[in-house]
Amino acid sequence: MATTTASSFISSVILQPIIVAISSAVYSSLLSYEMVGNLDWRPIVICATSDVLVIAADHLKDQEVVIGSRGAAVIKRFTPLARIFLALNASLLVAALSLSPPKATLFTAIFTSPAFLWTTPLDVSRIGTMLKRLIGANYSQEVDKAHKPFIIKRVPGMKAFFSGTIRSCGVFLVVHSALQSSLTSTHNALPWTIAETLVWSMVNRTGHCIMSDVRDYDEDKEAGVPTIPVLLDSLLKTRMILTVVHAAILTAFRHNPFIVASSCFAIALVWILGKDTPKPYFRLSLHSQSIFIVTY
């Protein structure tokens, strides 16, 4: 296992979450503009800080495995900084939610919970046992040692599904609920429509997630993680499917030059990026949507 350095720790726990949060902030900004004709700070802050908290907390948890190794001193020194960073984002999130309708808090909780539980072992058998106790039914005291807890990450294709759904529909519901008192606006943000934006975003975000799995193909295959490339057992098939799907979006929404340009860019990245490509280059895939929203 590689020794954790100060730069790698800060990159993992602080910089990477910020980079991902920028994409959510840009997308929620577009939705806000489409809905009410201006950029309302509340849903933008909610989406961005939620991303930071989920990703930073997950990466900080990953750093625990190197406690006791040569990188432990670095982690112990920078963990307080990471916690301050998390506390600051949590404060901003609470402030934005407190000034938004209750539905915004509900949808934020719903769409962030899968990320927090992504790698958490869930023993569903205990739920059944508790229910049997409540109704007074007989149940076995013996624990099946062969039973394995349920882990969301291990469900085939679930990573891509969750990423595409949460980063498109989830963000939309948060923005819509936060702006529900201002939705009387008749603003028309041509050439955009909300339905097209949602479909485009779902495909784009799902595609980026699958490209991340292309990057980690060898590791996921060895670890038995059922990502789309691993299930297809072929990077070529994965690339062909992604190309067809992006091309379908390009054709369906050809009246919108920004979606067309974004889809063409995404198709190019599908064939340029690979498992041997340095990880920083995959940020182009992450922002294959953001770049063209900002251009608009």
Side-chain angles (χ1 to χ4, degrees), residues 17-55 88-115 162-206 208 249-250 252-263 265-266 286-296:
I18 290 175
I19 291 171
V20 175
I22 290 173
S23 68
S24 292
V26 172
Y27 175 53
S28 57
S29 298
L30 175 63
L31 289 175
S32 175
Y33 183 71
E34 288 183 16
M35 291 179 189
V36 297
N38 59 63
L39 304 182
D40 191 299
W41 71 273
R42 295 170 301 164
I44 299 172
V45 169
I46 291 171
C47 294
T49 54
S50 295
D51 256 348
V52 168
L53 289 172
V54 168
I55 299 170
L88 175 61
N89 279 274
S91 300
L92 290 172
L93 175 60
V94 171
L97 288 174
S98 65
L99 296 174
S100 303
K103 278 187 177 181
T105 301
L106 174 63
F107 285 125
T108 301
I110 290 174
F111 287 105
T112 55
S113 57
F162 267 132
S163 181
T165 303
I166 292 173
R167 296 191 177 281
S168 58
C169 300
V171 172
F172 165 77
L173 289 173
V174 170
V175 174
H176 186 272
S177 59
L179 300 178
Q180 63 181 19
S181 61
S182 307
L183 293 178
T184 55
S185 173
T186 57
H187 177 71
N188 190 5
L190 294 176
W192 303 93
T193 67
I194 292 178
E196 291 179 357
T197 303
L198 280 175
V199 175
W200 167 54
S201 181
M202 177 173 286
V203 171
N204 184 277
R205 297 299 83 194
T206 302
H208 165 66
I249 293 297
L250 184 157
F253 305 141
R254 57 187 178 276
H255 59 277
N256 188 322
F258 300 98
I259 294 181
V260 170
S262 172
S263 298
F265 186 55
L286 170 65
H287 290 291
S288 60
Q289 183 182 48
S290 311
I291 293 171
F292 297 94
I293 294 176
V294 171
T295 302
Y296 169 73

Heavy-atom closest pair, residues L179 and M35: CD1-SD, 4.3 Å
Exercise: identify the closest heavy-atom pair between A48 and A21: O-CB, 3.4 Å
Flag, side chain of S28 to backbone of A25, donor-acceptor distance under 3.5 Å: yes
Any pair counted as salt bridge (Lys or Arg N to Asp or Glu O under 4.0 Å), so long as it reaches residues 40-49, sequence neighbours left out: D40-R42
Set of ring pair (Phe, Tyr, Trp, His ring centres under 6.0 Å) partners for F111, sequence neighbours left out: none
Residues that T108 engages under side chain to side chain donor-acceptor pair (under 3.5 Å), provided they are two or more places apart: none
Partner set under side chain to side chain donor-acceptor pair (under 3.5 Å) for S290, not counting sequence neighbours: H287
Side-chain contact, heavy-atom cut-off 4.5 Å: [X] with [Y]?
| X | Y | value |
| --- | --- | --- |
| F258 | W200 | no |
| W192 | N256 | yes |
| S262 | N204 | yes |
| L93 | I46 | yes |

Which distance, rounded to the nearest 0.5 Å, do you find between the [atom1] of [X] and the [atom2] of [Y]?
| X | Y | atom1 | atom2 | value |
| --- | --- | --- | --- | --- |
| L173 | F107 | CG | CZ | 5.0 Å |
| I259 | E196 | CD1 | CD | 5.5 Å |
| I110 | I166 | CD1 | CD1 | 11.0 Å |
| S29 | L39 | OG | CG | 5.5 Å |
| T197 | I293 | OG1 | CD1 | 7.5 Å |
| F292 | T295 | CZ | OG1 | 6.5 Å |

Parallel, tilted or perpendicular: ring planes of H255 versus F253, cut at 30 and 60 degrees: perpendicular
Side chain to side chain contact (heavy atoms under 4.5 Å, CB included) partners for [X], two or more places apart:
| X | answer |
| --- | --- |
| P17 | V52, I55, A56 |
| T206 | A160, M202, I210 |
| S201 | Y27, S168, R205, Q289 |
| L250 | V260, S263, C264 |

Tabulate below the donor-acceptor pairs under 3.5 Å that side-chain atoms of residues 94-106 make, not counting sequence neighbours, or state none.
| residue | atom | partner | partner atom | Å |
| --- | --- | --- | --- | --- |
| S98 | OG | V94 | O | 3.2 |
| S98 | OG | A95 | O | 2.7 |
| S100 | OG | A96 | O | 2.7 |

